[in-house]
Every structure is written in C-alpha cells, then in structure tokens.
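As structure tokens, the structure follows; a few thoughts come after it.
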There are 2 protein chains.
Amino acid sequence: MTSIKDVAAQAGVSVATVSRVLNSHPSVSPDARTRVLAAVDALGYRPNAVARSLRTDQTRTLGLVISDVLNPYFTELARFVEEEARALGYSVIIGNADERPELQDHHVRTLLDRRIDGLLVSPADGDSPLMADVARAGTPMVFVDRWMPGVDVPVVRADGRLAIRDLVAHLHALGRRRLAIIAGPAATTTGNERVEAFREALRAYELTLPDAYIGQGDFQADSGRRVTERFLALPEPPEVVFAADNLMALGALDAIRAAGLRVPQDIGLAAFDDIPWFVHTAPPITAIAQPTGELGRAAVRALVDIVEGRSPQSVTLPARLVVRRSCGEPTSDKRSNL
Amino acid sequence: MTSIKDVAAQAGVSVATVSRVLNSHPSVSPDARTRVLAAVDALGYRPNAVARSLRTDQTRTLGLVISDVLNPYFTELARFVEEEARALGYSVIIGNADERPELQDHHVRTLLDRRIDGLLVSPADGDSPLMADVARAGTPMVFVDRWMPGVDVPVVRADGRLAIRDLVAHLHALGRRRLAIIAGPAATTTGNERVEAFREALRAYELTLPDAYIGQGDFQADSGRRVTERFLALPEPPEVVFAADNLMALGALDAIRAAGLRVPQDIGLAAFDDIPWFVHTAPPITAIAQPTGELGRAAVRALVDIVEGRSPQSVTLPARLVVRRSCGEPTSDKRSNL
DNA sequence: CGGAACCGTGGAATCGATTACACGGATGAT
DNA sequence: ATCATCCGTGTAATCGATTCCACGGTTCCG
C-alpha cells in the first residue's frame, strides 16, 4: 500500500505538506498543491483511515445496534440511518442483537473497541448495566424506537397512542368488542407502552382488557403463533387480535389459518408496524405505520449533534393507522376518514 | 480513555509486558501476568482496536457490499454472513448499494480505506473497473450470489438450473404452455442466467420463449409491476409469469390484482428466491428457494481462507423448487414429489 | 567451573497519519 | 533602513498498540 511518505517523495515535498493539501489547510502554495495532487493521482493514493483515526481520535463511524435485522421494520430503519449518516459524512456499522441481550452487549463492546464516534441503539432488553455505564462514561449515544428507563440519553421514537386509539375506534365501529393483544417483551419499552395505550383506548369505549386477552410475545413470529393458539382455545375467544409487531402478526395469521378460520369473517387481525407485504397478504392487514424514514434520519441527526458538540432534544413522531381489510370490510367509519 | 501505558504503570511493568499478556505470548512470568490482569480489571481497560490495526495491518473486519438490503433474500444472507464471521472472530461492515453502481463503488472505496481484511461482494452491475482493479491488486475478495465475468475471484452461489427445470415441469404438468419471465438486469449474472436456464428448460418441452414474453426488470418491485402490465396488455398474454426475484414477483402480483385477475385461475405466478412472506400472500406463491444460510457461511469461510493464506474453491449449491398454489392447484405432479 | 542456552523483561522502533513549532524569506510599516 | 509580521514549508512529537533486540540472571551441560 502506498502511504503518505510515498506521495511526499513523489511530489518532492514533506509529508506535512501532503497532509495539508489533503485536509485543505489554507497555507499551501498553489505550486505545491498541484504537485501533491498529481502525485496522489499518479500513485492512486488513498489515505489510511486507520492511521488517521488513531491520530485524530475520531473514526467518522456510527454504530447501530438493532434488536432484529430480519424484522422488516428494522431493516428499513437501518437503511435510512445509513443513508442519512452517509449524507453527513459518516459510515455506519450495524450490529444485530437478534433480541439477545448478551449479543447486544457483545456488539456494543466491539463497536466501542473500534472507537466509533457515536452509538445508536434500539435496546433488546430493559436491563443492561453495560449500556448504562457506556452512557455515563459520556459516549455519544441515542436510543431509537425503544429506550431504557434511567439511562439519560435522547430518544427518537414514534408515539402510537393516537393511532392505537384510532384503531380501537375503527374496531368499535365495526362492532368488535372482545379485543385481545399480543404484547412485546415486558422488558422493552415498546412492549409495555403498546399494551397500556391499548388498554387506555379500550377504556374510552368502556371495554376492558382481561388478563386472558393479553398474550406475552417476544416480537418473533413463533410467539405470535403460540399466543394466538391460546386465544383461540379460550371458551370465549377474542373477535380481534392486535399484534404489537409485524412478525407476531405473521405468526398469528398462521395460527388462525391452521385453525381453519377466516380473516376477517371469523376473527380480525391488526398489527403494529406496517410493512410492504401487508398489502399482499390475504386479506391485506390493517396496521399502524411508523414514519420510519423520519425516525432514522432524526436519530442520526441527533447523534451527530452530540458527536459534534451540540445538545439535541428527544424526538417523538406520531404513528398513524392504515385501514385495510383484516378487521372487517371498511364501512361508514372509513368514509368518515375522508 | 485508558491506554496500555496506564495499565503498565498500574501493574508496575512495561507496556511490552502488558501487550504480551494481552496477546497470550508465552514468555511472561505468572506473577507479572496476574498483576497485569488485575490492573486491566481495575481500570476497565479495553485495547484500542484502531491502534492495534495500524500496527498489525489487520482489522479482523470483513466488508460486505450488497445490492439491496431491503430485499429479504439479501437481508437474510447478510445475517448469516455476520453470524459466521463472528464465529470466526471477524466483524462485518455492510454497505448497501441499492442496485446503484456508483454507490457500490463508494462503499468499496470506503471499506478499503478502512483497511478491511477482505471483501464480500454481490455486484450490482456487470462493469466496475474499480472492482477489477481491487481484485487485481490482491485484496482478498469473494463474490456471493452474483459475480463479474473476467474478475478472477472465487464465487459462492446457488445454481437454479435444476430447480427451474423442475418449475417448468410443474407448470407443464398443470397444462400451462405460454410462460413468460421477468428478467433481472442484463448486467448481472443472475439476471442472464435465469433467463437462459428458463429458455433451456422450455426447450425440453418444445416450448419457445418469444421476445414478447421476456420482460426487462431491475430486481425492484416497480419493474415487476410495469413488465407485468405489458404482459397483460399483449393480444395473447402469458398463462404464467415467472419473476427472477421476489421483489419483482411482488410487483407482478400488484399488477395482476390491479387488472382484476385472479391467481392462479386467470394467471399463474412463480418467483426466484423464497421468502417467509410467500406463505402468507393470497395465494401462497410457488418459488425457488436458495440455501441462503449455507451460501452465507460458505462465502465467509472462503473469504477467511484467502485472508489467512489458504486458497479456497468456488462453491455452487443447488436451489430447489417449493410448490405452493400460485400456479394452479397442485395435482398429480405434487404427489409425485412425495 | 566456564560457556551456552534460555527466560522474563524493558527500551525503542514502527505502523501512517496530523499538527505544534521553528525557520527562512518576503512583505509591510515606520 | 529596520524590525515586525506573515507565509510556506519541514522537522519531529504524537496517537496506542506490537515486536525486535539487548540485557541480566538462571540453569544446564560438558
């Protein structure tokens, strides 16, 4: 590999001058500048980012630790994060935690060892002492989608409260009364929040959420299947199942099919997190869509703000209900949306 | 940040000794070892990977440049790649090319600047001088899924030839004769190959593939939609549309629905690349499944082989047909599979 | 008993960049 | 004319690790 020394030799200047040209430092003569540029070109020289990082103590790299890359919601989020980071001159290293706390910690440690400039995390679990330490140590950090109570860093997320209220209104208008939810892990903030918002929305219609109608899932398809099977085995099964994420909705759909029931005639289904495939399932699934692009961009901007010495605020964006046909044929309440 | 010097001071030894302990070099006294380990623990010291990389000229990092992360096939591939790499002690940096050659080159350059130890690429386009240069320069490199003719590096991929023949047999048995294909970009190897394999398989049944039945797609959903619309507008539209990847199949499904046609009664649909969602579409889609896990693992192993001085072979694994209901109700030929 | 072999250790060079500091020459002010 | 200022440049220190080499002290063998 050609180094800055080779360029200096070729151009007949010192390495300092080469470095100055490369970093567009003002005090370089036009003559020296052209000679250096010519040498760079001739040798096909590219600065060694590793050496540069060691010296400057910055890598222009962001770490993104995500709970599950196979979840289309997170894949999309990751894509937007990379896009915005690139626009701001940063690279992104993604770590997939696979919803496993120890894998999450592994990635955080590896990223820190590589001296990334900042960390974007969607925590898999509510209790990671490592994460708290890292935040306390002053590593630039931002939570996205999920967060950890007690860890004082900005949070970028979507608020589903209103959308969930809209969903319940929609279900109520369709005459559905017995509504069940497949919750996320209790340890995640999004897990709890969605249950609470759901319960609250039901209360507005004087409906209750019995324990039997709260299934404990883990944001993976399999758990959605298991929970739904239990719902269906109830003496009085729910009329609609609301899954707290798209993967569990998929599992629920499986279980419903396996039981020989039809959606929406026999049972309704709705999901948190909208994804392109929901348009193509049979029937298309009613879902709550998060503004993924905005979320990813805002998260990166907040993180880069910290890295560059500014102090960003937390950001909360609204999610919105997308009505399709999985809870019943849209009727009057659909029209009232117009 | 605490450095090796701090540890040395705390333990009362030289930095050389600390380094030896950390790299489990044999000649260190047990006494020194314990003191160093104690100091490491007390200070919470973690070696600076950047400095280490500069000195040793290896980063224990692999670069993965992928044509489109939002394509579930590649997402899955990326996941397995990371998994295997981690098992082998490497990290992975993913670059998403979004099917854009210039973005692909950008990522390759960035990764090289970071001095990754090896490069795993699924090229977006058939003609990248940069890629050829990089390979010629001796950078450890492996192609996965797609490759570039003329660039001499190992290729890890699935061969769909047999599976495509099985698909055509299946369609033929169902009485389908007018078969069309939505091809991938001509510049990608997988793009061409699948068309050729399809044409060849048709020949075995004395069927032809007229030009009007070959649509030019770009592996994205939109192109699948456009091509299918054109197919449907033909005086004699095809009886089955075979999409060369899952995203284009999705677009095709859209177009078919929009035209008010039913699958499989009015027209059949099949896809290359099987994904979990195909089970849940209406109807479930017949697809050709690649052994993604094996592909990802084999690619990493081949790359690490090169990095560590061995000389791996190219790997070709068979894809296989997964019959569902999108081409017609399975009849006798289904049973013959048992 | 003397020299060779070996072991644990530290000093210092090194990787490839950035950057503080010094220096010589030109310019400008008085 | 003289001195301060400024500009372009080079020398060398530095970032945090690894590793070659040398050195002093044992141990071993003849």
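Numbered from 1 within each chain, the chains take letters A, B, ... in sequence-line order. What you are looking at is a predicted structure, and each value in this text was computed from that prediction instead of being measured. As a basis for the values below, the full set of heavy atoms in this structure was taken, side chains included, without hydrogen atoms, waters or symmetry mates.
Helix-axis bend for the helix from dC1(C)-dG30(D) to dT30(C)-dA1(D): the local axis fitted to the five terminal pairs at one end deviates from that at the other end by 50°, rounded to 10°.
In the set dT19(D), dA17(D), dA17(C), the nucleotide with an atom closest to the side chain of N48(A) is dA17(C). Among the nucleotides dT9(C), dA13(C), dG8(D), the one closest to the side chain of R55(B) is dA13(C). Comparing atom distances between the I4(A) side chain and each of dG10(C), dT18(D), dA17(C) picks out dA17(C) as nearest. Listed nucleotides dG10(D), dG11(C), dT18(C) differ in distance to R52(A); the shortest reach to its side chain belongs to dT18(C). Taking the side chain of V28(B) as heavy atoms from C-beta on, and the options dT18(D), dT9(C), dG16(D), the nearest nucleotide is dT9(C). Minimum atom distance to the side chain of N23(B) is reached by dT18(D), of the listed dT18(D), dT18(C), dT9(C). Ranking dG11(C), dG8(D), dG16(D) by closeness to the S3(B) side chain, first place goes to dG16(D).
Residue T17(A) is classed as a sugar-phosphate contact, given heavy-atom separations below 4.0 Å to backbone atoms only. When heavy atoms are screened at a 4.0 angstrom cut-off, A32(B) is found touching the sugar-phosphate backbone but no base atom.
Summary of the strand contacts: V50(B) and R20(B) both lie near DNA chain D, and taking for each the nucleotide with the nearest heavy atom, the more 5' one is attributed to V50(B). Comparing L54(B) and G12(B) by the nucleotide of DNA chain C that holds the closest heavy atom to each, the one mapping nearer the 5' end is G12(B).
Distance NZ (K5(A)) to C1' (dA13(C)): 11 Å, rounded to an integer number of Å. Put simply, OH on Y45(A) is 7 Å from C1' on dG16(C), counting in whole angstrom units. One atom, NE2 of H25(B), and another, P of dC21(D), lie 13 Å apart when rounded to the nearest Å. What separates CD of Q58(B) from P of dC15(C) is a distance of 16 Å, to the nearest Å. Atom P of nucleotide dA17(D) and atom CZ of R114(A) are separated by 15 Å, given to the nearest angstrom.
The closest side-chain heavy-atom distance from R86(B) to E82(B) is below 4.5 Å.
Phosphate proximity of dT19(D) to S19(B): absent, as no side-chain N or O sits under 4.0 Å from OP1 or OP2.
Between R52(B) and D113(A), none of the side-chain N atoms (NZ, or NE/NH1/NH2) sits under 4.0 Å from a carboxylate O, so this pair counts as no salt bridge.
No donor-acceptor contact under 3.5 angstrom links the side chains of T190(B) and D145(B), judged on distance only. A donor-acceptor contact under 3.5 angstrom links the side chains of R114(B) and S91(A), judged on distance only.
Of the inter-residue distances, the one linking T75(B) atom OG1 with I66(B) atom CD1 reads 7.0 Å to the nearest 0.5 angstrom.
Shown here is Q313(B), whose CD atom has no more than 12 heavy atoms of other residues, nucleotides or ligands within 6.0 Å.
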